[in-house]
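Heavy-atom basis, side chains included; hydrogens, waters and symmetry copies ignored. Numbered from 1 within each chain, the chains take letters A, B, ... in sequence-line order.
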Amino acid sequence: KAGVTQTPRYLIKTRGQQVTLSCSPISGHRSVSWYQQTPGQGLQFLFEYFSETQRNKGNFPGRFSGRQFSNSRSEMNVSTLELGDSALYLCASSLAIGIDRDAEAFFGQGTRLTVV
Amino acid sequence: ELKVEQNPLFLSMQEGKNYTIYCNYSTTSDRLYWYRQDPGKSLESLFVLLSNGAVKQEGRLMASLDTKARLSTLHITAAVHDLSATYFCAVDRDSNYQLIWGAGTKLIIKP
């Protein structure tokens, strides 16, 4: 069964530009979460979507946004890029049908964003 | 505010030895996760612990959870070089897939 797919894998953008990252979850998984990983701040939660609804949002500025489509695929957008946005962006998918044994979260390979 | 602390942050050990990584968290939580990350790679799920006293084992790794002490441990038995990686614990307080992460433990196992 296919895993979580993130595209693109690598991206170089200039300050002030915007970027859209994509995440296709494991088939049948309804929850998609996004995380930012940097050497300084570690792993930080961005937001989580379930059935096209954002259920939770981390402590990030409004420049960071996302959405989820009816097929559970998710995108995140960062506008007005800053140098500090350079990071590995990871998405995770979970079955999330309310049974604890389905709580496992599987991560994609990530998108490495470099802002210059 | 939920905080997750791992220790040690760095561990260098010889093959064949046993060691334990500790994960403390500050408030009551529903789920605790352990992940492995190799350099430049993504996160590989190791264990999900859901209840007090839960113990899970996979190969040379064993994880346990004590919700009363707000402590999880990842025990490595007879370490081998292939276990060299960074190990993260993460807590999902409200079962809402909002994981709060520890800083990670970089484990180096020398032949």
More than 12 heavy atoms of other residues, nucleotides or ligands under 6.0 Å from [atom1] of [X]: is that the case?
| X | atom1 | answer |
| --- | --- | --- |
| B:Tyr22 | OH | no |
| B:Tyr19 | OH | no |
| B:Lys56 | NZ | yes |
| B:Glu5 | CD | no |

Are [X] and [Y] connected in the hydrophobic side-chain network, where two residues link if heavy atoms are under 4.5 Å apart?
| X | Y | value |
| --- | --- | --- |
| B:Leu50 | B:Val55 | no |
| A:Leu113 | A:Tyr10 | no |
| B:Ile21 | B:Val80 | yes |
| B:Leu99 | A:Leu46 | no |
| B:Phe47 | B:Val91 | yes |

Segment of [X] engaging chain B (4.5 angstrom heavy-atom cut-off):
| X | answer |
| --- | --- |
| A:Phe47 | neither |
| A:Leu43 | both |
| A:Gln37 | side chain |
| A:Glu48 | side chain |
| A:Leu88 | side chain |

Within residues 71-79 of chain A, residues adjacent to chain B where the heavy-atom gap is under 4.5 Å: none
Would you please go through residues 12-23 of chain A and name the residues with a non-hydrogen atom below 4.5 Å from one of chain B, in numerical order? none
Give the minimum heavy-atom separation between B:Ser45 and A:Glu104, together with the two atoms involved. OG-OE2, 2.7 Å
If you count heavy-atom pairs under 4.5 Å between each of A:Gly42, A:Gly108, A:Gly110 and chain B, which one has the most? A:Gly108
Of all of A:Gly58, A:Ser33, A:Ala105, A:Ala92, which one pairs up most often with chain B through heavy atoms under 4.5 Å apart? A:Ala105
Does B:Tyr97 use its side chain to pair, donor to acceptor, with the backbone of A:Arg55 at less than 3.5 Å? no
How about A:Phe107 and B:Tyr35: are their ring centroids closer than 6.0 Å? yes
